[in-house]
Amino acid sequence: MKEFLIGKLNLEALPHEWFTIGGTVAFIALALLVIIVLTRTKRWKWLWDEWLTSVDPKKIGIMYFIVAGVMLLRGGLDALMIWLQQALSSGSSHGYLSSDHFQQIFTAHGNIMVFFVAMAFIFGLINYIVPLQIGARDLASPFLNTLGFWLFVAGVIMVNMFFVFGGQYAATGWLAVAPLSGTQFSPGVGVDYWIWSLQISGIGTTLGAINFIMTILKMRAPGMTLRKMPLFTWGSLCSMVMAATVFPLLTATLFLMFFDRYFGAHFFTTELGGNAMMYTNLIWMWGHPEVYILMLPSFGVFSEVVSTFSRKRIASYMSNVLGMIGVSLFALSVWLHHFFTMGSSADVNAFFGVMTMIIAIPTAVLVFTWIATMHKGRIRFTTPMLWFLGFIGTFSIGGMAGVILAVPPADFQLHNSLFLVAHFHTMVIGGVLFGIFAGLTYWFPKIAGFRLNERIGRYAFWCWLSGFLLAFTPLYVLGIMGATRRLDHYDASTGYQPLFIVSLIGGLVIAAGVVLQIVQIIASVIQRKQLMDTTGDPWDGRSLEWSVASRPPSYNFTVIPQVTSRDAYWDVKQLGTLKTAYEDILVPKNTASGIYISAFAFLVGFGFVWHIVWLVVVGMIGIIACVIARTFDEHTEYTLSAAEVKKAEEAREKKTAVARVHKSLAIGEEMGLWEFIVIVVKWALDILKNKRWRTW
């Protein structure tokens, strides 16, 4: 009876090590803080009605940003723990982590940063910006959008659930290589948490990708042909087509691994006909395109940023588009370069080596179009432009390292070394994360209604760039010296330690950059009157998202614009302002169905992790019931009358006029770092002096 009710759950599953106890306490404390604040401010109903059940892609995009930001701090802490262990664990010193704990942190860091940070930021940007860029009021399926987000949240909770129940995460590397991920070598629940966190969030990603593809293909404004689409939208389309192609493959692969672990199948084992190399093929057929799924929207961001801040149309628009399409196509045919050393024939290795080199061609085309756009342009070196320039330098280094690894004989020497780790991080941080930061800074006025503080943003950028070079350049050298990845201890005679210490210092500088980004947001909120965007177009932009107010209304456009050229809004500004007309607008209703379905999906995953069969059955029945209820709900939209639209627009105009007055009365330049510190110190002293903490 006990096994039926709680499966394999027992007292040993409760937190009993310092890191699980610490993680559990931190999560509980954070949850209590949120509950207290919401209760004190009486915001529970507001949170549920306005945000959690919202189908507005802009609000869903902001929620993606919030969750991704929290997970960035979580994954960044893992990275610092890895750097510290490698800097300390030399010779007779074994650092502060056990070997197994180090491997768990290594695995969690990779999963979190790829699935729950980079992917979330990209989906947040696409949610917020693409409908505005193509002149759409919403996505093709608002319900699928909210469902995809809440499945992602369920995956976030699952990936951290081992802190509360289980006591361990997978120690198999971020892709859970077989047969190490089988029950023979990983008998605990760590791999099961890995499987179901990726499975649940991955299904949400697939649904989201299909939704974005249909939105871009079917909901563009009149006159916006494919050859007139903004380049961020093009990058998003290419990315989502790849996601819809390869994420079902990930889903199938995870199910096969689940069958191995739960039912005793032998797809990827070392016995009874299993083949671990089949798993390696399948996981990398998804894994390598995933890097470009993340990178292509960032390429689109850079195209928008370079064009805007060079005050020129993008040089050779079609070359840029074809470059993105070329990257997408070639990215699907290079996965085998991840295991040149696994015994494939010389012909197979040669083919994939050549394809890996060829993919550098469309990527170089993109870089050349950006450089050509800057040529003779009136460049403004704003923070988004600095992130782009930082990308050019780091990405060039990573690209050259990638060409070296594409040569099978060279790869035989560097495979599984820290050279490969350095290359991967150069591409993902320099390519993806810098692009995300550029996009967030560029579109922040549209999202928040005010610009970010430029001065502190520059400090953050230089910390990120210098810290990145300090952290990862030594890894190239260490890889050539023979240091392998997943290395938690090494002999003192290797001479590795000084380089690992430099790498740790770089990591601390990056951490300083993250702190400065948080300070930048807080300082911008404090100084929002001076930084207020009252025009909707603070950068003198070129595409349609700058034609609407900052922040846009829930319906985006009072009237769908007519597009006549690639730089749709730029041409409107040259010819005259957009005419305002009011009409009835069909608006989707908020729904909690996505939350309910995702909660039941979480119960299914948790039930399978701990072998609680009845919980799995309840979860599946709940999912089916929620889907049926949603399917037969005929009242999913309501009409916003033209009179209501007019009233809302006039109220917004009045509010904007007041904001303009406040902005004109605001005195002083942008707040610097020291000014921010002085304000925080004065605020703290005021609390202490007047005993204001009692009001909390």
Side-chain angles (χ1 to χ4, degrees), residues 122 125-126 129-130 133-134 209 212-218 220-221 223-246 288-308 310 312-335 351-352 354-375 377 388 391-392 395-396 398-400 402-403 406 427 430-432 435 438-439 542-544 563-568 570:
I122 291 298
L125 283 174
I126 295 174
I129 300 303
V130 164
Q133 282 201 331
I134 64 174
F212 289 134
I213 292 169
M214 294 308 299
T215 301
I216 294 170
L217 292 182
K218 304 297 289 184
R220 299 189 306 278
M224 184 178 283
T225 62
L226 288 175
R227 298 183 67 171
K228 293 178 184 175
M229 282 200 317
L231 289 167
F232 176 72
T233 301
W234 260 113
S236 301
L237 177 61
C238 292
S239 172
M240 293 301 102
V241 169
M242 291 179 68
T245 302
V246 301
H288 193 87
E290 165 67 2
V291 176
Y292 289 97
I293 289 170
L294 299 173
M295 203 167 288
L296 281 162
S298 290
F299 287 165
V301 169
F302 292 134
S303 296
E304 302 287 347
V305 166
V306 170
S307 178
T308 297
S310 298
K312 286 177 60 181
R313 296 182 68 175
I314 196 76
S316 188
Y317 171 92
M318 283 309 300
S319 295
N320 202 287
V321 170
L322 292 174
M324 292 183 188
I325 294 173
V327 168
S328 305
L329 293 175
F330 290 130
L332 297 171
S333 58
V334 298
W335 77 89
F351 171 80
F352 282 91
V354 170
M355 292 303 294
T356 305
M357 294 180 191
I358 289 176
I359 202 172
I361 296 174
T363 309
V365 168
L366 290 168
V367 174
F368 291 146
T369 62
W370 296 325
I371 294 173
T373 302
M374 290 189 291
H375 180 61
F388 163 73
F391 151 80
I392 288 291
F395 194 75
S396 299
M400 289 186 288
V403 172
M427 305 302 281
V432 178
R542 310 180 74 85
S543 44
L544 285 177
V563 175
T564 58
S565 67
R566 289 169 184 164
D567 293 328
W570 183 265

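In what follows, every heavy atom counts, from backbone to side chain, and hydrogens, waters and symmetry copies are set aside. Model, not experiment: these values are computed from the prediction.
- With values rounded to the nearest 0.5 angstrom, Leu217 atom CG is found 13.5 Å from Phe212 atom CZ.
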Solution key, residues 288-299 side-chain donor-acceptor pairs under 3.5 Å, sequence neighbours excluded:
unit_1	atom_1	unit_2	atom_2	d
His288	ND1	His337	NE2	3.2
His288	ND1	His338	NE2	2.8
Ser298	OG	Val432	O	3.1

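- Under the 3.5 Å distance criterion, the side-chain polar atoms of Ser239 are left unmatched by any main-chain donor or acceptor of Gly235.
- The number of heavy atoms from other shown groups lying within 6.0 Å of CE (Met357) is above 12.
- Remark: Ser565 pairs with Asp571 by the side-chain hydrogen bond (donor to acceptor under 3.5 Å, both in side chains) rule, at least two apart or across chains.
- In this structure Phe330 satisfies the ring-ring contact (aromatic ring centres under 6.0 Å, His included) test with no other residue, sequence neighbours excluded.
- Under the 3.5 Å distance criterion, the side-chain polar atoms of Arg313 are left unmatched by any main-chain donor or acceptor of Ser307.
- No donor-acceptor distance shorter than 3.5 angstrom exists from the side chain of Lys228 to the backbone of Ala568, with no hydrogens or angles considered.
- When side chains are defined from C-beta on, Pro230 does not count as touching Arg542, because their heavy atoms never get closer than 4.5 Å.
- Evaluated for a side chain to side chain contact (heavy atoms under 4.5 Å, CB included) with Ser236, the options Val301, Leu125, Ile129, Val130 yield exactly one hit, Val130.
- When the side-chain hydrogen bond (donor to acceptor under 3.5 Å, both in side chains) test is applied to Ser333, no partner is found at least two apart in sequence or on another chain.
- Contact detail for Gly431 and Phe302: the closest heavy-atom pair is O-CE1, 3.8 Å.
- Glu304 has its side chain out of reach of Phe388: every pair of non-hydrogen atoms, C-beta onward, lies at least 4.5 Å apart.
- Closest approach of Ser303 and Trp370 over heavy atoms only: OG-NE1, 2.9 Å.
- Between Thr373 and Ala315, the closest heavy-atom pair is OG1-N, 2.9 Å.
- Residues Tyr317 and Thr369 have side chains not in contact (no heavy-atom distance under 4.5 Å, counting atoms from C-beta outward).
- Note that CD1 of Ile361 and CG of Leu366 are 12.5 Å apart. Values are rounded to the nearest 0.5 Å.
- In plain terms, the two heavy atoms of Leu544 and Ile134 that are nearest each other are CD1-C, 4.4 Å.
- Taking the side chain as every heavy atom from C-beta outward, Pro362 and Leu322 never approach each other to under 4.5 Å.
- In this structure, Met224 CE and Thr564 OG1 are separated by 10.0 Å, a value rounded to the nearest 0.5 Å.
- With sequence neighbours left out, the ring-ring contact (aromatic ring centres under 6.0 Å, His included) criterion links Phe232 to Trp443.
- In this structure, Leu231 and Val321 have side chains that are in contact, with non-hydrogen atoms separated by less than 4.5 Å.
- A heavy-atom distance below 4.5 Å is found between the side chains of Phe395 and Thr363.
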### Task
Mind running side chain to side chain contact (heavy atoms under 4.5 Å, CB included) on Met240 and Ile216 for me, showing each step along the way?
CA-CA 10 Å; Met240 293 301 102; Ile216 294 170; 5.8 Å; no
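- Residues Val563 and Arg220 fail the side-chain proximity criterion, which asks for heavy atoms closer than 4.5 Å.
- To the nearest 0.5 Å, atoms CD1 (Ile371) and OG (Ser310) are separated by 11.5 Å.
- Side-chain atoms of Trp234 come within 3.5 Å of backbone N or O of Leu226 as a donor-acceptor pair.
- Residues Ser319 and Val365 share a closest heavy-atom pair of O-CG1, 3.6 Å.
- Considering only residues two or more places apart in sequence or on other chains, Thr215 meets the side-chain hydrogen bond (donor to acceptor under 3.5 Å, both in side chains) condition with none of them.
- Across every non-hydrogen atom of Ala331 and Met242, the tightest pair is CB-CE, 3.7 Å.
- Residues Ile359 and Met355 fail the side-chain proximity criterion, which asks for heavy atoms closer than 4.5 Å.
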